[in-house]
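All remarks here apply to the structure that follows.
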Amino acid sequence: MKKTIYNIAFALLTIGGMVSCTDLDKEVDLSLSEEQVFSKFENTRGFLAVIYTYLPDAFFGYTDGQYLAASRDCMTDNATSYWSVHRYHSIQSDGYSAKNHWFAIRYWGEDWAAIRMCNQFLKNAREDVVGNLDTGDDDANLYTRYCAEARLLRAIFYMDLASWFGGVPIVAEDANGQPVLFEPGDINTMNLPRKTAAEVFQFVADECDAIKDELPFRYADENSNWGRVNGAAAYAIKSRALLYKASPLNNTENNVSWWEDAADAAIDFITKNSTQGNPYRLYSTGTPDEDYYNCFISLPHLNDEYILSRSEWVNSREIEIYLTPDGFSGSVTSVGRTNPTQNLVDAYETINGLPIDKDPTYNENAPYDNRDPRLEQTIIHHGTVWGDANEEEECEIDVSYPNGTHLGSLHGGTTTGYYTKKFLNNMSFKSPKAYTHGCPIIRYAEILLNAAEALNECGKTSEAYEYVDQVRARVGMPSWSDQGLNQEEFRERIQNERRVELAFEDHRFFDERRWMLFEGKTAQTETSLPRYQQVYNLYGVRVTADPLSFNYVHEQNHPTRVFISPKNYVFPIPDSETKMLNNLKQNPGWESSSSKKEEPVTVDE
């Protein structure tokens, strides 16, 4: 009997969005045998293309309007979801158990399916089929390049697993250097003790090191190869992996050498990038009031800031429908559901480069005046001008209580007084268009922030300013260097800078955990802190129109988050896995969670 190439039931294959027209479109029929796949070049290439569909995608939920159509920042203190049945609410309330945790079941299954495919590719791809000639272009040494791609993709999936679940087993090569294949229920292969999260992140970094110079740092023909991992992605993922390893959650002894490694990795990227004829750079046209916003609505494959993205969503308008403020209608209707919190809004500094509670010029009755330009480019608030002027839809957003035009209706609205502008095109709802979207997995601004954070933790605060200042200069924000920040003060500010710069890009969930922001406070005790420093209490604004006033209140439906330490720092291993593979063990705090009332869970195929 011919061995089937892939077990679809195990795969949980999901291809979110529509991929741009590149070489990665050429996927393969996964019901073929291994011989049929790896004996033909087109099928081998197509198998590798399928692996790419498992890359993390911050937009994936927008294909499910009922349960997920909002940013995953709704699992953090950055935002909440208007739609009551969205799955994110159960993360905020600790409402899942190890048996019915929708995200854990999905992410665990997908990442392991992808890792299996990477191992399968590395074991079966044939040099005589793919070819390995030095052609002097992007396809030079193609077999070597494809294997390096598969190895880097595998490292990214391990990075994802460790970020969500903590330590996991590493199933890579056996003692003879051969990739290990495994099947669901294969106890002999999979029933392994887990490595620590720090060990997994180090494995990721080592894998990136091993292949980073076997790939072009950047492809010459990015129209054909956009979306493929390259050498730059390997340098960048190494930077993130070592930063996570060095962070308090995984570096309990505060080993400074781990921070030094993280700083070196970020600077290695910056140094290597600077030698390129076409380097990655911050998206900037010299227009601070527009450049940050335009970075995320410009065509991703033409954006020099995007180092790696999951895919392009072409000819789509789901994001416009699910982010645009409620109250726009025509051929389609807006149902904005990602509501930024007042916590996030307050995190934006004043234009003077100071936190709002440290700047006497800040006025709570004119809260959006003279603020970091990224506020206006990320968040829609009361008074924001929005709508297509050509179709006579342009207006000032009105979220005044209780009858504001854009406050809310049955299917959409805001419970915080805010909507999300980042990634959102100003679409006409009378004559709707389709757009191309892409959310970066990693972009150049993150590398600069990684360098600044790690250098500060090494005690090299004076060397950290230049990197964060580049990010801030793009939007016209002043340097911190003249403020004389000590290490602790810089730490607080760089954490805030990451929050603002990387909002809605799937960073905040991991950042607030790796920094252990929940420790030493409760919902009751943190109320003395500024709202932007509170992680348990969620806030919004209640605007009244006549006279205009702003009242800052708890978010009306989910005013507080439940966070149990250490349980909620990671997701549970799915209950069925720990029962089948007893060496895995369950994450602390989740062992008895199956005693909760269970609700059926389905994972979309």
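Just the heavy atoms: all of them, side chains too, but no hydrogens, waters or symmetry mates, feed the values below.
By the 4.5 Å heavy-atom criterion applied to side chains, Arg72 and Phe504 are not counted as neighbours. Tyr306 is not listed as a side-chain neighbour of Ile442, based on a closest heavy-atom distance of 4.5 Å or more. Using a 4.5 Å heavy-atom cutoff, the side chains of Tyr52 and Val229 are in contact. Met427 is listed as a side-chain neighbour of Val332, based on a closest heavy-atom distance under 4.5 Å.
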Would Glu320 and His437 count as a side-chain hydrogen bond (donor to acceptor under 3.5 Å, both in side chains) here? Give the steps. CA-CA 10 Å; Glu320 279 63 45; His437 300 87; 2.9 Å; yes

Check against side chain to side chain contact (heavy atoms under 4.5 Å, CB included), Gln66 and Asp64: CA-CA 6 Å; Gln66 181 70 357; Asp64 182 351; 3.8 Å; yes

In sequence, state the C-alpha distance, the side-chain angles, and the governing distance for Ser247 and Asn250, and then conclude on side-chain hydrogen bond (donor to acceptor under 3.5 Å, both in side chains). CA-CA 6 Å; Ser247 299; Asn250 304 307; 5.9 Å; no

Apply side-chain hydrogen bond (donor to acceptor under 3.5 Å, both in side chains) to Asp160 and Ser163, showing your working. CA-CA 5 Å; Asp160 199 54; Ser163 299; 5.6 Å; no

Quick one: do Trp313 and Asp57 satisfy side-chain hydrogen bond (donor to acceptor under 3.5 Å, both in side chains)? Show the steps, please. CA-CA 11 Å; Trp313 287 32; Asp57 184 3; 3.3 Å; yes

May I have the step-by-step check of side chain to side chain contact (heavy atoms under 4.5 Å, CB included) for Asn273 and Tyr444, ending in yes or no? CA-CA 10 Å; Asn273 185 59; Tyr444 186 57; 3.9 Å; yes

Run the side chain to side chain contact (heavy atoms under 4.5 Å, CB included) check on Leu192 and Phe182 step by step: do they pass? CA-CA 12 Å; Leu192 301 171; Phe182 53 90; over 6 Å; no

Walk me through whether Leu153 and Tyr54 qualify under side chain to side chain contact (heavy atoms under 4.5 Å, CB included). CA-CA 9 Å; Leu153 288 167; Tyr54 287 89; over 6 Å; no

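With no hydrogens or angles considered, a side-chain donor-acceptor pair links Asp221 and Ser224 at under 3.5 Å.
The structure places NE2 of His89 at 10.5 Å from CH2 of Trp83, a figure rounded to the nearest 0.5 Å. From Arg498, atom CZ reaches atom CG of Leu448 across 11.0 Å, with rounding to the nearest 0.5 Å. To the nearest 0.5 Å, the span separating SG on Cys439 from NZ on Lys422 amounts to 7.5 Å. Rounding to the nearest 0.5 angstrom, the gap separating the CG atom in Asn425 from the CD1 atom in Ile297 is 5.0 Å. In this structure, the separation between CZ on Phe201 and CZ on Arg240 is 10.0 Å, given to the nearest 0.5 Å. The line from CG of Asp291 to CG of Leu282 is 10.0 Å long, rounded to the nearest 0.5 Å.
Closest of all the heavy-atom pairs between Ala98 and Gln586 is CB-NE2, 3.6 Å. Ser316 approaches Glu318 most closely through the heavy-atom pair CB-OE1, 3.1 Å. Between Leu308 and Gly227 the shortest heavy-atom distance is CD1-O, 3.9 Å. Among all heavy-atom pairs drawn from Cys74 and Gln92, the shortest one is O-NE2, 3.2 Å. Nearest heavy atom pair, residue Leu152 against residue Asn230, reads CD2-O, 3.8 Å. Taking both residues in full, the closest heavy atoms of Trp112 and Pro169 are given as CH2-O, 3.3 Å, listed atom of the first, atom of the second, then distance.
Partners of Phe41 by ring-ring contact (aromatic ring centres under 6.0 Å, His included), not counting sequence neighbours: none found. Remark: Tyr107 engages Phe103, Trp164 in a ring-ring contact (aromatic ring centres under 6.0 Å, His included) (not counting sequence neighbours). Residues that satisfy the side chain to side chain contact (heavy atoms under 4.5 Å, CB included) test with Lys585, not counting sequence neighbours, are absent from this structure. For Asn78, the side chain to side chain contact (heavy atoms under 4.5 Å, CB included) partners at least two apart in sequence or on another chain are Asp73, Thr76, Leu344, Arg499, Ala503, Arg508.
Taking the six-membered ring for Trp and the full ring otherwise, the centers of Tyr235 and Phe217 sit less than 6.0 Å from each other.
Using a 30° and 60° split on the angle between ring planes, Phe296 and Phe423 fall in the perpendicular class, above 60°. Ring-plane geometry between Phe38 and Phe121 is classed as perpendicular, the angle between the planes exceeding 60 degrees on a 0 to 90 degree scale with a lower cut at 30. Classification of the Trp108-Phe165 ring pair by plane angle, with boundaries at 30° and 60°, yields perpendicular. Between Phe203 and Tyr158, the ring planes lie perpendicular to each other; the angle is over 60°, past the 30° to 60° tilted range.
Although no hydrogens or angles enter the test, the distance criterion places a donor-acceptor pair under 3.5 Å between the side chain of Asn583 and the main chain of Asn191. Listed for the Tyr88 side chain is no donor-acceptor partner under 3.5 Å among the backbone atoms of Ala79. Remark: side-chain polar atoms of Asn587 are paired, donor with acceptor, to backbone N or O of Phe571 under 3.5 angstrom. Checking side-chain atoms of Asn303 against main-chain N and O of Leu299 turns up no donor-acceptor pair under 3.5 Å. At distances below 3.5 Å, not a single donor-acceptor pair connects side-chain atoms of Thr324 with backbone N or O atoms of Ile321.
Under 4.0 Å is where a charged nitrogen must lie from a carboxylate oxygen, and between Arg474 and Glu305 at least one such pair does. Salt-bridge formation is not detected for the pair Lys272/Asp268: no Lys NZ or Arg NE/NH1/NH2 atom is positioned less than 4.0 Å from an Asp or Glu carboxylate oxygen. Note on Arg228 versus Glu149: salt bridge recorded, some NZ/NE/NH1/NH2 to OD/OE distance being below 4.0 Å. A salt bridge is absent between Arg310 and Asp506; no separation between the charged side-chain nitrogens and carboxylate oxygens falls under 4.0 Å.
Counting heavy atoms of neighbouring residues, nucleotides and ligands inside a 6.0 Å radius, atom CZ of Phe510 exceeds 12 of them.
No option in Ile270, Asn450, Leu449 other than Ile270 meets the side chain to side chain contact (heavy atoms under 4.5 Å, CB included) test with Tyr467.
Note that Arg337 lies outside the cation-pi zone of Tyr322, set by a 6.0 Å cut-off to the ring centre and a 45° limit from the axis. Figure legend: Arg513 and Phe509 shown as a cation-pi pair, the cationic atom lying under 6.0 angstrom from the six-membered ring centre and within 45 degrees of its axis. A cation-pi arrangement, defined by a distance under 6.0 Å to the six-membered ring centre and an angle within 45 degrees of its axis, is present between Lys421 and Tyr293.
For residues 126-137, the side chain to side chain donor-acceptor pair (under 3.5 Å) pairs, not counting sequence neighbours, are Arg126-Asp128, Glu127-Asn132, Asn132-Thr144, Thr135-Asp137. The side chain to side chain donor-acceptor pair (under 3.5 Å) analysis of residues 196-208, with sequence neighbours excluded, yields the pairs Arg151-Glu207, Arg154-Glu207, Thr196-Glu199, Gln202-Asp206, Gln202-Lys245.
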